[in-house]
Amino acid sequence: MTNSQPPTGLSRELIALRAARELEPGSVVNLGIGLPTLVAGFVEPSDDILFQAENGILGYSGVSESDFDSDLINAGGQPVNLVAGASFFDTADSFAMIRGGHIDAAILGGLQVSAQGDLANWYVPARGGGSVGGAMDLAVGAKKLIIAMAHVTREGEPRIVEACDYPLTAERCVDVIITDYAVIDVTESGFQLREVAPGISVGEVIDWTGAPVNVSGDVIEMSL
């Protein structure tokens, strides 16, 4: 990391757009609170993706812009639009679905991700407070875990690190990290740079990542 100001990367909406492209057609997907909720707005109906909310919904298409209906909300309390055939169930069934390995992918926000794929996303010691919620179950139970987050903190500190110093959500669970700077795969040999955001160089990604980043061959620019 350098002593200069970090570069300006993608907007939250463009991070969500890129994250949406990681999802396989026909999959069941859970979206975490915050930035990940934007992902639903970038999925095509023809992809037949079913979004699941841990409070007991399977089959919604995104956050509703119409009148608020307190009976139709996701786990973050946002009103959602249902798709034909949507179903409702209690929290016990929802978490049985998650813990039973029936969620194809989860997209969560992150505070830190380590080179081993550990995730910390619920508690910042300097601020206090926080609740892990359903993130622990999703991080372990989803077949694929995608983290969508800013590459650095507001103070310019890296969120992608050698080892997390925030309390962990789960160990060795992260598969892919999508930030405003890059797409990075978490592999057995550490971080592997796959793509860089428009206007961001490979060198800048390396400079603003708090752990070694493997670069092999040509790194492509994100297609947005």
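As the structure is a prediction and not an experimental result, all values here were calculated from the model. All heavy atoms count here, side chains included; hydrogens, waters and symmetry mates do not.
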Exercise. Got a second to check how far S201's OG is from D207's CG, nearest 0.5 Å?
Worked result: 7.5 Å

Hey, can you pull the donor-acceptor pairs under 3.5 Å for the side chains in residues 103-111, sequence neighbours left out?
unit_1, atom_1, unit_2, atom_2, d
D104, OD1, K143, NZ, 3.4
D104, OD2, V28, N, 2.8

Exercise. Can you find a pair of side-chain heavy atoms, one from I178 and one from I146, that are under 4.5 Å apart?
Worked result: yes

Problem set entry | Pairs where residues 106-119 contributes a residue and the test side chain to side chain donor-acceptor pair (under 3.5 Å) is met, not counting sequence neighbours | Q112-D165, S114-Q116, S114-D118

Exercise. Taking the side chain as C-beta and beyond, is there a heavy-atom pair between P158 and W208 under 4.5 Å?
Worked result: no

Exercise. A170 and V140: which non-hydrogen atoms are nearest, and at how many Å?
Worked result: CB-CG2, 3.8 Å

Problem set entry | Min side-chain heavy-atom separation M149-V113 under 4.5 Å | yes

For this session: Any pair with a residue in residues 16-35 that passes ring-ring contact (aromatic ring centres under 6.0 Å, His included), sequence neighbours left out, goes on the list, sorted by first then second residue, please.
Result: none

Problem set entry | I206-V152 co-clustered via ILVMFWY side chain contacts under 4.5 Å | yes

Side-chain donor/acceptor pairs under 3.5 Å, residues 213-224, sequence neighbours excluded:
unit_1, atom_1, unit_2, atom_2, d
N214, ND2, S189, O, 3.2
N214, ND2, F191, O, 3.3
S216, OG, Q192, NE2, 3.1

For this session: With sequence neighbours excluded, tell me which residues meet salt bridge (charged side-chain N to carboxylate O under 4.0 Å, His left out) with D137.
Result: R99

Problem set entry | Heavy atoms of other groups near R21 CZ, more than 12 under 6.0 Å | yes

For residues 32-50, tabulate all N or O donor-acceptor pairs below 3.5 Å that involve a side-chain atom, not counting sequence neighbours.
unit_1, atom_1, unit_2, atom_2, d
T37, OG1, G34, O, 2.7
D47, OD2, E44, N, 3.4

For this session: Rounded to the nearest 0.5 Å, what's the gap from OG on S64 to CG on L72? Could you check?
Result: 8.5 Å

Seminar exercise, completed: Looking only at heavy atoms, the pair that brings Y166 and A120 closest together is CB-CB, 3.8 Å

Show me the side-chain donor-acceptor pairs of residues 83-90 shorter than 3.5 Å, one per line, residues at least two apart or across chains.
unit_1, atom_1, unit_2, atom_2, d
D90, OD1, A92, N, 3.2
D90, OD1, D93, N, 2.8

Exercise. Between I200 and P7, is any pair of side-chain heavy atoms under 4.5 Å apart?
Worked result: yes

Problem set entry | Beyond-backbone contact of I73 with Q78, side-chain heavy atoms, under 4.5 angstrom | no

Problem set entry | Side-chain heavy-atom pair P125, P167 within 4.5 angstrom cut-off | yes

For this session: Taking side-chain contact (heavy atoms from CB on, under 4.5 Å) as the test, write out the residues that go with T91, two or more places apart.
Result: F95

Problem set entry | Residue pairs fulfilling ring-ring contact (aromatic ring centres under 6.0 Å, His included) with at least one residue in residues 141-165, sequence neighbours excluded | H151-Y181

Problem set entry | Considering all heavy atoms, the nearest I15-L10 contact | CG1-CB, 4.1 Å

Exercise. Can you tell if the side chain of L119 reaches within under 4.5 Å of the side chain of C173, non-hydrogen atoms only?
Worked result: yes

Exercise. Do any N or O atoms from the side chain of D185 and from the backbone of T187 form a donor-acceptor pair under 3.5 angstrom?
Worked result: no

Problem set entry | I177 with V202, same ILVMFWY side-chain cluster at under 4.5 Å | yes

For this session: Could you walk me through whether N121 and T169 pass side-chain hydrogen bond (donor to acceptor under 3.5 Å, both in side chains), step by step?
Result: CA-CA 6 Å; N121 81 337; T169 304; 2.6 Å; yes

Exercise. Hydrophobic clusters join Ile, Leu, Val, Met, Phe, Trp and Tyr when side-chain heavy atoms are under 4.5 Å apart, directly or via other members; which others share one with M136?
Worked result: W122, Y123, V132

Exercise. When hydrophobic residues are tied together by side-chain contacts of less than 4.5 Å, even through go-betweens, does I57 share a cluster with M97?
Worked result: no

Problem set entry | E171 CD: over 12 foreign heavy atoms closer than 6.0 Å | no

Problem set entry | Residues that Y60 engages under ring-ring contact (aromatic ring centres under 6.0 Å, His included), provided they are two or more places apart | F51

Exercise. Are V80 and L31 joined in one hydrophobic group, where the rule is that I, L, V, M, F, W and Y side chains link up if heavy atoms are under 4.5 Å apart?
Worked result: yes

Problem set entry | Any side-chain heavy-atom pair of V176 and I184 under 4.5 Å | no

For this session: Report whether V183 and I147 are members of the same hydrophobic cluster (ILVMFWY, side-chain heavy atoms less than 4.5 Å apart, transitive linking).
Result: no

For this session: Sorted by first residue and then second, give each side chain to side chain donor-acceptor pair (under 3.5 Å) pair with at least one member in residues 22-35; sequence neighbours left out.
Result: R18-E22, E22-K144, E22-R194, N30-Q52, N30-E54

